[in-house]
Amino acid sequence: MAETRDAVGSPARSVLRIAVPMLPADLVAVLVPLAVLALMGRIDGDAHYVRALFMPVQFLFLALIAGIGASNQVAAAVAHGAGDLRAAGAALRADARIAAGAGAAFSVLLIVLAPLLGDLMGVSQAARAEFTGFLRAIAPASALLLGPALAAATLRGCGLARQAAAVTLLAALTEIGGVALLALGAGLGIAGVAPAVALSGLAGTALGWVLLRRAGLLGPGASVPAGAVRPVPVRAAVRRLTAVGVPVGASYLVICAANLVLMRILAPFGPSVQSGYAGAATLQTLLIIPGLVLGSATAIVLNSHRGAGRSGLLSPTLHAGLRITAGAYAVLAVVSYAGRDLLAGVLSGDAQIAAETARYLQTVGLSYLLMGLVLAALTVLEQVGGGPAALAMNAVYFVGAVAVGGRLAAASGPDALYRTIAAFNGLGVVAVGVTVWFVRRLAARETSGLSAPDTRPSTTRTGKGT
């Protein structure tokens, strides 16, 4: 198989083969909420306000989608490495059942609790009814986004990165186009957002189903070679979700909570400082995508090697992924630092806000080199069985940065917070060392006939212990 030869011959090329198609698709997906929010700003009334209030709630859906998607991607990659399409398809079906139940339960919960959430978020009386109606409509629509997420995760795990990118791009562009056509073009206003999101989920799921079927991942006729992994029951999928998906989703929630607290810390310094930091945080959201993509691509190759029993290639593949990440972030760090004034001017036309954004980038920009390595390492760790350790390090990073930075900022101003964030980016390299150690230990365990069963798509391999 050509991919196997590439994987064995060149770990770096194998990682890039998956990462390159993923990057533009993931960047577009991240930009979708911002684009929709910008479109809502062109609608009269409270549409932009209501949509902005939904953003923290949307992060809960993102955590759910990311957790289930990461768990499914791990199973698909291991099954693909073992040459067992039936196991990959079985993992998808099991995860789809879990996703359907979780999405439905979450939607019902939000529909019931919509008025209470309005109270908790301090929604104005004038917009209360509109917010409640919007939340009740968008909840089931957002649950449909689990379909394209699962399809793309399975395709990526099986080495079909271009097909996975097509699913992600179609879903993202359908949502933006749907909002433009329904909310603005058809004059539905904010009532047009939920149908656009639902259409996005259905379109991405439909394309994903076609591509999965074409790849032989849905048909019953996929062969099971000798020694291949067995199909996954829902119970095994739940164990894998607990080991992989829950830490991934929890990490998203930690990041969300930390950003909300950081905005609160900066509130005493005025709206210009808050807005300047928000602009830098928006740019930083885009800058973390390459690290997440490279980490995920590296993890896919690692899990494929695990499924194929090539434990000797685990450490070389990790090192190749980290070298690529270091090269990419060396460029991004220099651009962020040297081009801080230009970038800040693009993000805001207000001179005070732009100056604050530039001040943040001047302080933190060069530390993005280390931040990128940490992001890639933690993403790998989450997907090879070290999810709890990755979650703990994420929590220590964000809680530490917020606690120390908040105390220093209260005494010395925003610059102290920015320096603290840069320092924690540097201290985060501990995560790289932990990941390297964990992968070496994993390779040694699997070489000796042991394995980490909670990250595999089945409980056993024929003729081997768990």
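Quick note: numbers below take in every heavy atom, side chains included, and nothing from hydrogens, waters or symmetry partners.
The SG atom of Cys158 sits 12.5 Å away from atom CG of Leu211, with the distance rounded to the nearest 0.5 Å. The line from OG of Ser315 to CG of Leu442 is 9.0 Å long, rounded to the nearest 0.5 Å. Taken from CG in Leu145 to CG in Leu62, the straight-line distance is 9.0 Å, to the nearest 0.5 Å. To the nearest 0.5 Å, the span separating OG on Ser412 from CG on Leu417 amounts to 11.0 Å. Once rounded to the nearest 0.5 Å, the distance linking OG of Ser200 with CG of Leu170 reads 7.5 Å. Annotation: the span from Leu266 atom CG to Ser272 atom OG amounts to 12.0 Å, rounded to 0.5 Å.
Residue pairs meeting the salt bridge (charged side-chain N to carboxylate O under 4.0 Å, His left out) criterion with at least one member in residues 352-369, sequence neighbours excluded: Glu356-Arg359, Arg359-Asp415. Evaluation of the side-chain hydrogen bond (donor to acceptor under 3.5 Å, both in side chains) test over residues 146-165, restricted to residues two or more places apart or in two chains, returns Asn72-Thr154, Gln73-Arg156.
The shortest side-chain heavy-atom distance between Ile265 and Val402 falls under the 4.5 Å cut-off. Side-chain contact between Leu343 and Thr357 is absent, with no heavy-atom pair separated by less than 4.5 Å. Inter-residue side-chain proximity for Leu217 and Leu92 is flagged as unmet; no heavy-atom pair is nearer than 4.5 Å. Between Ile68 and Val248, every side-chain heavy-atom pair lies at or beyond the 4.5 Å cut-off. Taking the side chain as every heavy atom from C-beta outward, Arg419 and Leu408 never approach each other to under 4.5 Å. Within the 4.5 Å cutoff, the side chain of Tyr277 has heavy atoms near those of the Tyr418 side chain. Put simply, the side chain of Val436 reaches to within 4.5 Å of the side chain of Leu322, judged on heavy atoms. For the pair Thr205/Leu144, no side-chain contact is recorded, criterion being any heavy-atom separation below 4.5 Å from C-beta on.
A pairwise comparison of heavy atoms in Ala172 and Val28 identifies CB-CG1, 3.6 Å as the closest pair. Closest non-hydrogen pair, Val167 versus Gly208, comes out as CG2-CA, 3.7 Å. For the pair Ala320 and Ala12, the tightest heavy-atom approach, listed with the atom from each and the gap, is CB-N, 3.7 Å. Heavy atoms only, all atoms of each residue included: Leu150 and Ala96 are closest at CD1-CA, 3.6 Å. Here the closest heavy-atom approach between residue Ile300 and residue Gly157 is recorded as CG2-O, 4.0 Å. Considering every non-hydrogen atom in both Phe269 and Ala409, the closest pair reads CZ-O, 3.3 Å.
In this structure, the side chain of Ser336 engages the main chain of Leu332 through a donor-acceptor pair within 3.5 Å. Checked by atom type and distance alone, the side chain of Thr379 never pairs as donor or acceptor with a backbone atom of Gly295 at under 3.5 Å. Counting only distance, with no hydrogens or angles, the side chain of Arg240 and the backbone of Ser71 share a donor-acceptor pair below 3.5 Å. Listed for the Thr447 side chain is a donor-acceptor partner under 3.5 Å among the backbone atoms of Ala443. In this structure, the side chain of Ser107 engages the main chain of Ala139 through a donor-acceptor pair within 3.5 Å. With hydrogens and angles ignored, the 3.5 Å screen pairs a side-chain donor or acceptor of Asn303 with a backbone N or O of Gln383. Judged by distance alone, the side chain of Ser367 and the main-chain N or O of Val364 form a donor-acceptor pair under 3.5 Å. The closest donor-acceptor contact from the side chain of Arg310 to the backbone of Gly81 lies at 3.5 Å or more, if one exists at all.
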Check your understanding: side chain to side chain contact (heavy atoms under 4.5 Å, CB included) between Asp95 and Leu241: does it pass, once the steps are laid out?
Key -> CA-CA 9 Å; Asp95 286 328; Leu241 181 63; 5.5 Å; no
Exercise for review: Determine, stepwise, if the pair Glu382 / Val74 fulfils side chain to side chain contact (heavy atoms under 4.5 Å, CB included).
Suggested key: CA-CA 10 Å; Glu382 287 171 340; Val74 168; over 6 Å; no
Exercise for review: For Val32 and Leu173, run side chain to side chain contact (heavy atoms under 4.5 Å, CB included): C-alpha distance rounded to whole Å, both residues' side-chain angles, the deciding distance at 0.1 Å, then the answer.
Suggested key: CA-CA 8 Å; Val32 166; Leu173 296 177; over 6 Å; no
Exercise for review: Given side chain to side chain contact (heavy atoms under 4.5 Å, CB included), test Tyr368 with Leu361 step by step and report yes or no.
Suggested key: CA-CA 10 Å; Tyr368 286 151; Leu361 293 175; 3.9 Å; yes
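Scored by the side-chain hydrogen bond (donor to acceptor under 3.5 Å, both in side chains) test, Tyr329 finds no partners at all (sequence neighbours excluded). Among residues two or more places apart in sequence or in another chain, the ring pair (Phe, Tyr, Trp, His ring centres under 6.0 Å) test is passed with Tyr337 by none. In this view, Tyr397 and Asn425 satisfy the side-chain hydrogen bond (donor to acceptor under 3.5 Å, both in side chains) rule, not counting sequence neighbours. With sequence neighbours left out, the side chain to side chain contact (heavy atoms under 4.5 Å, CB included) criterion links Leu427 to no other residue.
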